[in-house]
Amino acid sequence: MEFGVLGPLEVRVAGRPVAVPGMRQRALLAALLLRRGSVVPFDRLVDEVFGEQPPEEARNALQTYIARLRHALGPAAAAVVVTHAPGYVLEVPGDAVDVERFTALLVRAREAGSPTAALAQLEEALALWRGPAYAEFAETFARGEGLRLQELWLAAREDRAALLLRLGRLAEGTAALEAIVAAEPWRER
């Protein structure tokens, strides 16, 4: 199973896209992805899935959404979306989530021995982006993480432009910088 949050929420099982129907199930999955590998308490999930006006039986509704999410994800979901007191945990390896692959590629780019190798890592990292991080939830519970990832994305774009200039690819580097300045005119770098 692979999960994408660098853009609209995306799930792939064995390389094939899987539809996660319903905004509540999508919010539930995004909330679990935000804290992958950690138990997310029921109360926090209720706040993030239902917002300011949860239903009377919010815990029961949440359990129903968990069941629907597991059904949508298929047979492997029982080992992925795990009940663990006092809530649920999403148990997937780090490389199953595009955010983790993105940040690992940024680290490799910084540690690369040559500008060409660093550029290749940055381009691979930037290719993972399909739109704003946690797009559907960037104005609600995923706002902080979305802003953090947006900053990493912008810095990676700036690093890429600098590497293009350093490698003598002036037209590409200048075009990359112009695109950044057009979108973010007040950025200092």
Side-chain angles (χ1 to χ4, degrees), residues 1-107 125-156 183:
M1 233 179 256
E2 294 179 331
F3 301 91
V5 294
L6 298 176
L9 184 64
E10 179 180 80
V11 179
R12 293 186 172 275
V13 175
R16 293 187 179 146
V18 172
V20 178
M23 187 55 120
R24 302 273 192 224
Q25 287 95 303
R26 294 175 68 75
L28 179 58
L29 180 56
L32 291 169
L33 281 163
L34 269 171
R35 296 165 197 85
R36 180 189 59 77
S38 300
V39 176
V40 185
F42 284 109
D43 294 339
R44 180 153 204 161
L45 287 171
V46 165
D47 288 346
E48 293 178 354
V49 171
F50 297 107
E52 305 251 336
Q53 298 180 1
E56 293 264 337
E57 298 292 326
R59 275 185 176 248
N60 292 342
L62 189 65
Q63 289 172 337
T64 300
Y65 290 129
I66 286 285
R68 289 179 185 168
L69 176 61
R70 286 177 176 151
H71 178 73
L73 296 178
V80 173
V81 181
V82 179
T83 304
H84 194 289
Y88 296 97
V89 62
L90 187 72
E91 292 185 355
V92 294
D95 64 350
V97 184
D98 61 359
V99 168
E100 302 293 333
R101 292 192 307 272
F102 173 74
T103 54
L105 286 164
L106 294 183
V107 168
L126 290 168
L128 293 172
W129 283 75
R130 299 169 288 107
Y134 291 95
E136 299 157 88
F137 313 103
E139 295 302 319
T140 56
F141 64 87
R143 182 172 173 77
E145 180 66 357
L147 291 172
R148 182 187 79 82
L149 291 169
Q150 175 77 11
E151 182 59 33
L152 286 176
W153 176 71
L154 286 168

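Residue indices begin at 1 and follow the sequence shown.
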Full working for salt bridge (charged side-chain N to carboxylate O under 4.0 Å, His left out) between R148 and E151: CA-CA 5 Å; R148 182 187 79 82; E151 182 59 33; over 6 Å; no
Test log, rule side-chain contact (heavy atoms from CB on, under 4.5 Å), inputs L34 and Y134: CA-CA 9 Å; L34 269 171; Y134 291 95; 3.7 Å; yes
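- Around CZ of R143, the count of heavy atoms belonging to other residues, nucleotides or ligands within 6.0 Å does not exceed 12.
- A ring-centre distance under 6.0 Å is not found for F102 and W153.
- Residues F3 and V20 fail the side-chain proximity criterion, which asks for heavy atoms closer than 4.5 Å.
- Nearest heavy-atom pair across V46 and A58 is CG1-CB, 3.7 Å.
- Counting only distance, with no hydrogens or angles, the side chain of D95 and the backbone of R101 share no donor-acceptor pair below 3.5 Å.
- Partner L29 forms a side chain to side chain contact (heavy atoms under 4.5 Å, CB included) with one of V5, L9, I66 and no other, that one being L9.
- Once rounded to the nearest 0.5 Å, the distance linking CG of D98 with CG of L6 reads 3.5 Å.
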Derivation of the side-chain contact (heavy atoms from CB on, under 4.5 Å) call for L45 and R59: CA-CA 9 Å; L45 287 171; R59 275 185 176 248; over 6 Å; no
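- Ring planes of Y65 and F50: tilted class, angle from 30 to 60°.
- When every heavy atom of A133 is checked against every heavy atom of L149, the shortest pair comes out as CB-CD1, 3.7 Å.
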Residue pair L90, V81: steps toward the side-chain contact (heavy atoms from CB on, under 4.5 Å) verdict: CA-CA 5 Å; L90 187 72; V81 181; 3.9 Å; yes
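- The two residues A156 and L126 make their nearest non-hydrogen contact at CB-CD2, 3.8 Å.
- Looking only at side-chain heavy atoms (C-beta outward), R130 and P8 come within less than 4.5 Å of each other.
- Pairing each heavy atom of V89 with each of G37, the nearest pair is CG2-C, 3.5 Å.
- Within the structure, ring pair (Phe, Tyr, Trp, His ring centres under 6.0 Å) contacts touching residues 26-49 (residues at least two apart or in different chains) are F42-Y88.
- By the side-chain hydrogen bond (donor to acceptor under 3.5 Å, both in side chains) test, S38 pairs with no residue at all, sequence neighbours left out.
- Rounding to the nearest 0.5 Å places CD of E48 at 13.0 Å from CZ of R24.
- Nearest approach of M1 to A76, heavy atoms of both residues: CE-CB, 3.8 Å.
- A pairwise comparison of heavy atoms in T103 and E100 identifies OG1-O, 3.1 Å as the closest pair.
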